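The structure appears below as structure tokens.
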Amino acid sequence: MKHSWIPLLTILLTAACTSAVKIPYGQTASIPSEVLMDKIRGGWYGQTIGCTYGGPTEFKYKGGLIMDEIPIPWYDDYIYDTFIEDPGLYDDVYMDLTFLETMLAQGMDAPADAYAQAFATADYKLWHANQAARYNILSGMKAPDSGHWRNNPHADDIDFQIEADFIGMLYPGRVNAASVLSDRIGHIMNYGDGWYGGVYIGAMYSLAYVCNDIPTIVCEALRTIPEGTKFHSTISDVIAFWKKDPRDWKQCWFEVTNRHANDVGCPEGVWNGFNIDATINAAFVVIGLLYGEGDFARTMDISTRCGNDSDCNPASAAGILGVMYGYDAIPDEWKRGAERIKDIPFPYTSLSLEQVCRANYDLVMGSNETGDNCILFKMEEPQAVQFEQSFEGIKPVEKRVLKKAFTTSVDLRFHGNSIVVEGSVRKTGHADDSYVASITALLDGTEVEKFSMPIDYITRKYEIFSSYCFPSGDHTLTLRLDNPHPDYEIYASEMVVYDEE
């Protein structure tokens, strides 16, 4: 039965599902230590379960929802089997753990550079905003420049959103403190709406410690996001359509997708069903939370069936419910497999699921006042973070398939004021992966940038070239390979051109 598994909490705040709860901001609240640990375990286990549940459908349904007739597999050992056979699925979790391990080593006030170096030098593969930021950092650029849209075409992508769960879990009821840490970490790889995705997810986790009314959490967390941003508008529309009809999640999905699923930044997502933008994927998290009505299975299922990044979205939704209701309240059918992997370290990290929960607990206990077997904290009223928007004043006007391989140079003619060229270094002979291409970019014959492109996948440059907001008009971009090698070539796959709105 719906809600039958929700326990009573010391700081329980109740209300009808469709009415707002008044959270007593400014007042001191307490959470007993055993309840705190139960909530932390609920968050981490919930995130792991949700990631596993949505894993088989990740980006297989691009621009479309997953119909009810399509089964999503689950059995008792499903998490264990996935953990052993496909550990890379859990980038949602081990990325969090990279930052958590940095914090454990250097304290909760560790500088942005420490977090940046930790993930830039890690052994795991990265994509989109993370990989673009990794390249920037390894090339000597620092945050926030490494995540800014002028330097990172993926600034609005989902990357920080799926890495911010742990931030909210560190700050029960202290939403604004969570936003401060989100500023420090999130701008390493994202900016604007991409950064707002992590701020918002962190805020919902933080509020889930002190309120068990889902609409209230969804609405109150949105107060951290400035009005007038695309992100705020997107989530506001989800809430509005839910209030209009709290039963039909598919109609909400259709309306929100029709209005907001237009990717501007990510070159792969421009004019494509593929959408890794933080705004639309955050909307799918919220659709799951609102229409799931507190039911763990239904919440995961809806967030998954919204499609696109369908492992990350149920991971966040299930993690938020896990903090809200606690680990003990998660139905056994979802926990059996998780119990089998709880002591196995996550890939690329020294921490197992249980060790993560203990580390999270120790950090929360050490950063709050404590009473008689409890923590004490003053609940913070959410404040909007700074206003920022990526790709302001430009829009995509052309997406051109190139399929051009060159070993000396290539000229690309276009009309606009911004351009992104996708591609990579390709091996044509039998040499190793130590080659690093040196490239000079010239715009209309004038040198604008010199840069390196490693063939190594871990340290690769995600796009060949990007440049924004130069004078609009007819231009020629020349890409010149300065250190040609007989065993390698540069392959330009396609380009996206932007112009003034």
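In this text the structure is predicted, and so the values were computed from the model without any measurement.
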### Task
Indicate, with yes or no, if the rings of Phe391 and Tyr468 have centres closer together than 6.0 Å.
yes
### Query
Parallel, tilted or perpendicular: which describes the rings of Phe346 and Phe83, with under 30° parallel and over 60° perpendicular?
perpendicular
### Query
Tell me the side-chain hydrogen bond (donor to acceptor under 3.5 Å, both in side chains) pairs involving residues 469-483, sequence neighbours left out?
Asp411-Thr478, His415-Asp474, Tyr435-Asn483, Thr440-Arg480, Thr440-Asp482, Asp444-His475, Ser472-Asp499, Arg480-Asp482
### Query
If you look only at pairs with a residue in residues 272-289, which of them pass as a salt bridge (charged side-chain N to carboxylate O under 4.0 Å, His left out), with sequence neighbours excluded?
none
## Note on the structure
Residues at least two apart in sequence or cross-chain that pass salt bridge (charged side-chain N to carboxylate O under 4.0 Å, His left out) with Glu381, listed by chain then number, are Arg223
### Message
Going by the rule side-chain hydrogen bond (donor to acceptor under 3.5 Å, both in side chains), which residues pair with Asp156 if we only count those two or more places apart in sequence or in a different chain?
### Response
Ser390
#### Entry: Those residues that, when tested against Asn176, pass side-chain hydrogen bond (donor to acceptor under 3.5 Å, both in side chains) (two or more places apart)
none
### Task
Using the test salt bridge (charged side-chain N to carboxylate O under 4.0 Å, His left out), find all partners of Lys250 that sit at least two apart in sequence or belong to another chain.
Asp68
### Task
Just jot down the side-chain hydrogen bond (donor to acceptor under 3.5 Å, both in side chains) partners of Asn151, sequence neighbours excluded, or say none.
none
### Message
My understanding is that only residues two or more places apart in sequence, or in another chain, count here; which of them pass side-chain hydrogen bond (donor to acceptor under 3.5 Å, both in side chains) with Thr229?
### Response
none
### Query
Under the salt bridge (charged side-chain N to carboxylate O under 4.0 Å, His left out) test, which residues partner Arg134, sequence neighbours left out?
none
### Task
Decide salt bridge (charged side-chain N to carboxylate O under 4.0 Å, His left out) for Asp301 and Arg305; before the verdict, give the C-alpha distance in whole Å, the side-chain angles of both, and the deciding distance to 0.1 Å.
CA-CA 6 Å; Asp301 194 62; Arg305 292 185 184 277; 2.9 Å; yes
### Summary
salt bridge (charged side-chain N to carboxylate O under 4.0 Å, His left out) pairs touching residues 388-398, sequence neighbours excluded, are Glu398-Arg400
### Query
Which word best sums up how the rings of Trp74 and Tyr78 line up, parallel for under 30°, tilted for 30 to 60°, or perpendicular for over 60°?
tilted
### Query
Looking just at side-chain N and O atoms, do Gln106 and Tyr115 make a donor-acceptor pair shorter than 3.5 Å?
no
### Query
Relative to Tyr171, does Arg174 satisfy both conditions: NZ or CZ under 6.0 angstrom from the six-membered ring centre, and within 45 degrees of the ring's axis?
no
### Residue list, ring pair (Phe, Tyr, Trp, His ring centres under 6.0 Å) with His128, at least two apart or on another chain
His154, Phe274, Tyr462
### Summary
Applied to residues 416-426, the side-chain hydrogen bond (donor to acceptor under 3.5 Å, both in side chains) test, sequence neighbours excluded, yields Arg426-Glu489
### Message
Suppose we call two aromatic rings close when their centres sit under 6.0 Å apart. Are Tyr191 and Trp195 close by that rule?
### Response
no
